[in-house]
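What follows is a single structure, written as structure tokens, with notes after it.
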Number of protein chains: 2
Amino acid sequence: MSVTLQDVAREAGVSPATASRALNAPELVAPARREHVRQVAAQLGYRPNRAARELITGRTGNLCLVVPDLENPFFAAVAKGVQARARALGLAVVVADSEEDGHLESELVGRLGAQVDGVVLCSPRMTDEALDEALARDVPLLLVNREHHGAASVVIDNADGVRQAVAHLYALGHRRLAYAGGPAGSWSDARRREGLHRAAASLPGTEVVDLGHVAPVFDGGVAVADLVVASGATAVLAHNDLVALGILNRLTSRGVRVPDDVSVVGYDDSPAATLVAPALTTVRVPLARLGRDAVDALVNHAPRAARRRAASGVTDAEAPAPVRLPVELVVRDSTGVPPAPPTAPIASTAGDLPA
Amino acid sequence: MSVTLQDVAREAGVSPATASRALNAPELVAPARREHVRQVAAQLGYRPNRAARELITGRTGNLCLVVPDLENPFFAAVAKGVQARARALGLAVVVADSEEDGHLESELVGRLGAQVDGVVLCSPRMTDEALDEALARDVPLLLVNREHHGAASVVIDNADGVRQAVAHLYALGHRRLAYAGGPAGSWSDARRREGLHRAAASLPGTEVVDLGHVAPVFDGGVAVADLVVASGATAVLAHNDLVALGILNRLTSRGVRVPDDVSVVGYDDSPAATLVAPALTTVRVPLARLGRDAVDALVNHAPRAARRRAASGVTDAEAPAPVRLPVELVVRDSTGVPPAPPTAPIASTAGDLPA
DNA sequence: GGGTGCGGTGAAAAGGATTGCAGCACGCCT
DNA sequence: AGGCGTGCTGCAATCCTTTTCACCGCACCC
């Protein structure tokens, strides 16, 4: 049916072994012969049968990407990055949508993990225990946007993003800041909340009003917008661009002007941030790079085939230090000077901006 | 390393053949023995090696999905539907992003098509010739959002969506309609344009101003917005929600009020449509269902393994008729009565609405 | 009572690529 | 001249599952 290595070998007048080496380990074959084999292979349109190769090498040439929600622009962007980098490395990507469900996530890792060379697990919703269990399996695992003892990971500098946003608002004169946090149990929300309080503590006269946990979607923002107004804050940081957009939408429809009455800052710089008026000031996260670096880290961390595991004496080497990517505040139109003048001239407090 | 069928067979005291049958063809094995084998397999945590199975059956258990842009909410939603349905059928999905490039698209179909049971090709950018070539390969192909001779496809009723939008605008009193079309060569744009002219022709006094081809992204909408104003149209149909949002954004920032001065209608009902104010009137496309039906059609159309192709005498059977999904106009806040009063009372023209 | 059919089982081949090991030839060194 | 190293090449095993074919009793029918 399809052209096999045998066909190529026969046509080229060599053994299958030599044909295989001519294509995979060129330095082992005499140059003239090597070229001849390659030419024959190309002419016949030979494509190695991946199943047969996998069977003997234990490598599938596939990576698996598990995300909570493919439609969320954050994950879509990461997926795009993963996909691009994997293709450059000759790998295919199997994607799975866990529908924000930790249990399904675990199951997917178990089911798909067995048939791929590595799993990129994005913003895992699963518990620490489930993660431990998944790590105990013999498939290389890489976490995006979450750290976990013993696991390789690629994360963004959550706290620094918040710090930049706070510094920006502080410089504009804001002193009372509301925070619309992410879902309870979210690792990145915990990091951001932590960073928020630390940044605020280093800036004299700053108060933080915590509005609690908000569903990380548009409607979550709509729901929390009234709390923002009631809190008396002049600016609000949202966990997420989607939440920020929800807040923006509700404030505007209530007649609260943005940024004249209230400033709004998002997080992620998803494409939707520029779709609205006023355009959203937000923290840009290098989403595509997050995906690319995840693939690189996964491949470097576990270059060996899943099968050859037993050979390496150590249990599982040591998990490398997390890769931490920088983020960058993007100032657009949703932030401005607060309605009440700042309590002190900006110049006199500039020295207090956190490093 | 991992537990194989041999292990199960030995442990259960049967031959590998019987073990295989106990799991895959239960009716061929005596009930008592069958249950015993299954129990042993479960207890040992046996998982069949997919590569070995693929090697002999020719089936991979994988589908491939090729989309122009994973970050586009339209394709993200379709991908989600494809993924969900595939999982329900026990299939994995390999996704590939063609970056809106027809050549890359062809290459991906060629490269990935060889290692999957079928390919879902979404809004193909490739030419008809390239499509023919891809069809000539022996991998089942299913087109989403495009029809092509000899290919199975799942499409939406493009023309009817436009018809509904036009009827809505006509009923509101609009008579001069602008159309911001999709990219040149887009199959669905051709269908919509066709439907637009037919709908307009059936409504007396209606004019269509064609604004040409627009890049199907936010910036495309921004760029074309001024043409809308200059055209003197009281309403504009965009090829796409993203384009509609761009138009909306530019109009608003120019001081043109929506819908008081100009009504705007999008297409797709992507999540972003409700993120803005005014919320976008748009044509809702059953995106997830598009993905699910694509998988179903693909699986039904090509239930046999890729390998067993030669057996079926006919060239490739006949491609089944395209599955056509209905669409539905969703009226929100971006459409309203035009500034100039309608030329005739609404009641008197209601009978002229196209069917 | 022997042939026949059938339910159930096992031996063995097939599927395609990779790779350890052995062999071969040739050239160089002593 | 003989021995050895080296550079290439081929043989054959291996990966794991599925599936064909043959076989073996046993029951049933003639």
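Here is how names work: the chains are called A, B, and so on, in the same order as the sequence lines, proteins then strands, and each is numbered from 1. As a basis for the values below, the full set of heavy atoms in this structure was taken, side chains included, without hydrogen atoms, waters or symmetry mates.
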- Which nucleotide in the set D:dA12, C:dA17, D:dT18 lies at the smallest distance from any side-chain heavy atom of A:A17? D:dA12

- When you check the phosphate oxygens OP1 and OP2 of D:dC16, does a side-chain N or O of B:T4 lie under 4.0 Å from one of them? no

- Query: Under a 4.0 Å N-O cut-off, is there an ion pair linking A:R50 with A:E54?
  - Reply: no

- Task: Specify the separation, in whole Å, of atom CD of B:E54 and atom C1' of D:dC16.
- Result: 13 Å

- Note on the structure: Per atom distances to the B:V29 side chain, the nearest of C:dT9, D:dT17, C:dA17 is C:dT9

- Return the 5'-most residue of the pair B:R53, B:A19 with respect to DNA chain C, ranking by each residue's nearest nucleotide. B:A19

- Between B:H149 and B:D132, is a side-chain hydrogen bond (donor to acceptor under 3.5 Å, both in side chains) present by the stated rule, with each step listed? CA-CA 9 Å; B:H149 177 72; B:D132 278 328; over 6 Å; no

- Message: Heavy atoms from C-beta onward define the side chain here; which of C:dT19, C:dA17, D:dT17 lies closest to that of B:N49?
- Response: D:dT17

- Atom pair distance, as rounded to whole Å: CG in B:L28 and P in C:dG10: 13 Å

- Given C:dT18, D:dT18, D:dG10, the nucleotide with the shortest approach to the side chain of A:S15: D:dG10

- If every non-hydrogen atom of A:D117 is compared with every non-hydrogen atom of A:G61, which pair is closest and at what distance? OD2-N, 2.9 Å

- Message: Please report the distance, rounded to the nearest Å, between CG in A:N24 and P in C:dG20.
- Response: 13 Å

- Item | Any donor-acceptor N/O pair under 3.5 Å between C:dG10 base and B:R21 side chain | yes

- Query: Among B:D296, B:D293, B:L63, which one satisfies side chain to side chain contact (heavy atoms under 4.5 Å, CB included) with B:R85?
  - Reply: B:D296

- Message: Rounding to an integer number of Å, can you tell me how far B:H36 NE2 sits from C:dG8 P?
- Response: 18 Å

- To the nearest angstrom, the CZ-C1' distance between A:R50 and C:dA17 comes to 13 Å

- Task: Find the distance B:R34:CZ to C:dG7:C1' and express it as a whole number of Å.
- Result: 13 Å

- Return the 5'-most residue of the pair B:A51, B:P16 with respect to DNA chain C, ranking by each residue's nearest nucleotide. B:P16

- Find the distance B:R33:CZ to C:dG8:P and express it as a whole number of Å. 10 Å

- Task: With rounding to the nearest 0.5 Å, note down the distance linking CG in B:L131 to CD in B:E129.
- Result: 9.5 Å

- Send over the distance from A:Y46 OH to C:dG16 P, rounded to a whole Å. 10 Å

